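Lettering follows sequence order; numbering is per chain, from 1. Everything numeric in this text was worked out from a predicted model, so none of it was measured.
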Amino acid sequence: MSSSEDDIPLSQVHDDSGDEMPLAKRHQKRPTPPYTNSEDEDEVVPTKRRKTIKREPGVNDSDSDDEPLSKVKDMDVDSEDDMPLSKKAPKTKAKKETAKSTPKTKSAPKKEKSTTKKEKSTTTKSKATDKSASTKKAAVKKEPKATKVKKEATPNGLVKDETPATPNTQSTNEEEEEEKYKWWEAGDLDGEVKWDSLHHNGVVFPPPYEPLPKHVKLYYDGKPVSLPIEAEEVAGFFGAMINTDHAQNPVFQKNFFNDFKEVLEEAGGCDVDITDFDKMDFTKIFNHYDQERERKKAMTRDEKKRLKEEKEKFEEPYKYCMLNGRKEMVGNFRIEPPGLFRGRGAHPKTGKLKRRVMPEQVTLNMSKDCPVPPPPPGHEWGEVRHDNTVTWLAMWKENIADNQKYVRFAANSSVKGQSDFKKFETARNLKNHIEDIRKDYTKMLKSEVMQERQMATATYLIDKFALRAGGEKGDDEADTVGCCSLRFEHLTLQPPHTVIFDFLGKDSIRFYQEVEVSPQVFKNLRIFKKAPKQPGDDLFDRINPTILNKKFQTYMKGLSAKVFRTYNASKTMQDQIDLIENEGTVAEKVVKFNAANRTVAILCNHQRTVSKNHGESVQKITDKIKELMWQKIRLKKMMLSLEPTLKKKEAKYFHEINDISKEDQQQIVDRLIARQKDQAEKKFARDNEKLKSEKKPLLEKSVLKERMEKIDEQAKEYAAEIKTGAVEPKAKATVEKLKAQVETIESRLQTTQLQLKDKEDNSEVSLGTSKLNYIDPRLTVMFSKKFNVPIEKLFTKTLREKFQWAIESADADWKF
DNA sequence: CTGGATACTTAGTATAGCTATG
DNA sequence: CATAGCTATACTAAGTATCCAG
């Protein structure tokens, strides 16, 4: 309603014109080649993050046109709270400030603290003993109809349950179908306890290293080297990828080489003193692995199938688990294999050795009464835990960044489904608060307190441009930023109100946008950039995601920075869908849906590298379109040959017959002929191949020659047509028949053109991420039902499984 | 508060696997 | 009926959020 600027759905704010600005405009290139990172070469940005700031900027200074100035002055007095975070003296201020700010907020419902009552009762924090705690509390509050029967008898299920299960899956199938647990009909979720019982069979370890054949060796300084097996494995990791970009990256090389030497030493060294990476020659190793790949590819269909079945059979027990007595799928039950760490962007640790994970490093999490799956022979589990407040089944620590890795439920599991559902409900709830929040931060943009002003400005950016929170990162990680970690050099202010963002965000994906901001925001940003700040300094030096989120919590329970992204993505999708007319074919509607999806993807800056054959395949489609047009015109010319008077009578219809120049026509014909010849040759070869295997006589060369001559004849005819501009119709052609043919071509032309547009529009935008994570699936379901588009056209099989809850609960009139 | 640890979501890419096509 | 050309899935890196100890 209110047309005030704040209300505009963010996505449209900047690219009003409706049609998205071509991405190319927004950022000309993909980030940076990974290897431009290291301290060395890039002097371009002399400003790696400066952690400390020289001196207190002070809010105002002489920022003449900043009206709040006067006040700013006073507030400058309590400069004490005004220090950048990093410098703050530990004590006091925090409370003061909050106290101050509280009076203002009208909207903030300060509830959440108390709401937790429920969980409190049940949960004694982490220690909850699964069985007992579980059962009483969340304990299957409402077992929906289905479910019950089945395997209840064998609660510890899996192990035994599994084996017999396999053979008769067929029969049980429909049974299972109807007894699927519909958690979304069972109501309520929250609560600290995540499960009542959890039984599973542990994890799958990667196969042991298979040594190279004796004749395949690393060469050093021109000579073969006999490496200890441990080192050979590491050399093999690198050798197998010398044809990739990673292998050219100096950082990758250096990290690999260090770790390689380390492993080599651990293993007792070898007969050669390896000191120089450049003297290492991996080609033999590479060729070996390359051959292996070829060999695998060359396997017969049956062989491949058999192998696959074997693998599946072996993995079956790990693929499923029993959650609260119901069978659920596990996501990543395979322990990650060793290899070289492929960090994205300019990651300081890229190329380091990711070591093999041993059972001793693995912690299992399951019910107390679940039989502990046997560890691999000769090994022990690191730990077996029974924590029902978390949703992971196994965990280990990775050696690159010392992070935890988890084995979790699959996306189609109830656990994941529930939290997904919750996420979208929280985002939907933001609808009810967004107006107040926007009002509030608009006001706070002028706050006298620097921290509040930064907070408001950051919120504005997060809300309008869908920025991520932007937590602090270490020196041993890629230098990427989000809102709170934006630095001086990441935005350029262009009066009157234009801001140019240019920074690397998550995954080192470049965020480049030139946008208009409100005058006040522009002023604020100028203040935040004011001297003595310089490149390398944080723009928002008094806030961080934690502070921001704390504030968000005061507006609404469950509100954090990321919720804005979800909200704005889904909101944008809803708005875009609302603009779609319910008309046209299914395919056309799908295209429109994708276009809506695309606006969301662009909002969220979801990119992908354009595939290397993109240009090629665009060219191909373009050629196809040209050819179709040419054919269409040919048909029309035929009509005129039959009935010359038509040209005047239906001038419009025949208008286009001169649209293609003779040169173009010749080009099209040339391509067509070349293609036909090519095909003829291939067919000839293929046929002979077949005859050979059937031990039949081969076709003579003359047959091919004959065919070729025929094609040449065609070519001559075309050439004549082009010359005269007239096309001789076929014997039995009639104007009607030709018209019908034109129709068919016309429609093929349209689909092809649509296809081309879609391809180009999507070449560097990734729709998947938003569909998977940001767009409330109920919107898609709504679209499907309202527009009569089968859900299969919008959700792939896995997505349908993941979003089963949405498919079964949303109608044609569902609203985000 | 800070920093680290933990647990969970979000992300692009490598590749397995499928489908159109010729 | 292979194979090119893609699309869907698997994989795992890289974020966010929150909690806890010092």
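Proximity of a side-chain donor or acceptor of A:His246 to a complementary backbone N or O of A:Met241 within less than 3.5 Å is not detected. With hydrogens and angles disregarded, no donor-acceptor distance shorter than 3.5 Å links the side chain of A:Glu764 to the backbone of A:Gln607.
The nucleotide whose nearest atom lies closest to any side-chain atom of A:Ser419 is, among C:dA17, B:dT9, B:dC8, B:dT9. Closest contact between the side chain of A:Lys506 and the listed nucleotides B:dT10, C:dT18, C:dA13 involves B:dT10. Closest to the side chain of A:Asn549, from the set C:dA17, B:dG12, C:dT16, is C:dA17. Which of C:dA13, C:dA14, B:dT10 sits closest to the side chain of A:Glu336 comes down to C:dA13. For A:Ser560, counting side-chain heavy atoms from C-beta on, the closest listed nucleotide (C:dA17, B:dA11, B:dC8) is C:dA17. Closest to the side chain of A:Ala561, from the set B:dG12, C:dA17, C:dG15, is C:dA17. Across B:dT10, C:dT18, B:dC8, the shortest atom-to-atom separation from the side chain of A:Thr391 is found for B:dC8.
Using a 4.0 Å heavy-atom distance criterion, A:Lys349 is classed as making no nucleic acid contact. Using a 4.0 Å heavy-atom cutoff across all strands shown, A:Ala401 reaches no nucleic acid atom at all. Using a 4.0 Å heavy-atom distance criterion, A:Lys562 is classed as a sugar-phosphate-only contact. Counting non-hydrogen atoms under 4.0 angstrom, A:Lys802 reaches nothing in the nucleic acid. Among the heavy atoms of the strands, none lies under 4.0 Å from A:Gly482. A:Lys308 comes within contact range of the sugar-phosphate backbone alone, with a heavy-atom separation under 4.0 Å but no base atom that close. The residue A:Lys354 sits close only to the backbone: its heavy atoms come under 4.0 Å of sugar-phosphate atoms, none of a base.
Take A:Asn365 and apply the side-chain hydrogen bond (donor to acceptor under 3.5 Å, both in side chains) test, not counting sequence neighbours, and it matches no residue. Scored by the side-chain hydrogen bond (donor to acceptor under 3.5 Å, both in side chains) test, A:Thr796 finds A:Thr798 as partners (sequence neighbours excluded). In this structure, A:Gln404 has no side-chain hydrogen bond (donor to acceptor under 3.5 Å, both in side chains) partners at least two apart in sequence or on a different chain.
Rounded to a whole Å, the CZ atom of A:Arg468 is 9 Å from the C1' atom of C:dA14. Rounded to an integer number of Å, the gap from A:Asp387 CG to B:dA5 C1' is 14 Å. Straight-line distance from the CZ atom of A:Phe564 to the C1' atom of C:dG15: 18 Å, rounded to whole Å. A:Phe409 has its CZ atom 16 Å from the C1' atom of B:dT9, to the nearest Å. Protein atom CG of A:Leu548 is 18 Å distant from nucleotide atom P of C:dG15, rounded to whole Å. Rounded to whole angstrom, the span from the NZ atom of A:Lys423 across to the P atom of C:dT16 amounts to 15 Å.
For A:Lys473 and C:dG15, the shortest distance from a side-chain N or O to OP1 or OP2 is below 4.0 Å. Between B:dA11 and A:Tyr774, a contact under 4.0 Å exists linking OP1 or OP2 to a side-chain N or O.
Map A:Ser766 and A:Lys624 each onto its nearest nucleotide of DNA chain B; the residue landing nearer the 5' end is A:Ser766. Mapping A:Val415 and A:Arg342 onto DNA chain B by nearest heavy atom places A:Val415 at the nucleotide closer to the 5' end.
Counting only residues at least two apart or on different chains, the salt bridge (charged side-chain N to carboxylate O under 4.0 Å, His left out) pairs with a member in residues 332-341 of chain A are A:Glu315-A:Arg334, A:Glu336-A:Lys354, A:Glu336-A:Lys405.
In this structure, A:Asp420 does not pair ionically with A:Lys416, as no charged nitrogen and carboxylate oxygen lie closer than 4.0 Å. A:Glu310 and A:Arg306 are joined by a salt bridge, as a carboxylate oxygen and a charged side-chain nitrogen come within less than 4.0 angstrom of each other. Between A:Lys797 and A:Glu801 there is a salt bridge, with a side-chain nitrogen of the basic residue lying less than 4.0 Å from a carboxylate oxygen of the acidic one.
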Short N/O separations, protein against nucleotides 8-10 of chain C, under 3.5 angstrom:
| unit_1 | atom_1 | unit_2 | atom_2 | d |
| --- | --- | --- | --- | --- |
| C:dT9 | OP1 | A:Thr798 | N | 3.2 |
| C:dT9 | OP1 | A:Thr798 | OG1 | 3.0 |
| C:dT9 | OP2 | A:Thr796 | OG1 | 2.6 |
| C:dT9 | OP2 | A:Thr798 | OG1 | 2.4 |
| C:dT9 | O5' | A:Thr798 | OG1 | 3.4 |

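Ring pair A:Phe511/A:Phe465: centre-to-centre distance not below 6.0 Å.
Taken over five-pair windows at either terminus, the axes of the helix from B:dC1-C:dG22 to B:dG22-C:dC1 are inclined to one another by 0° (rounded to 10 degrees).
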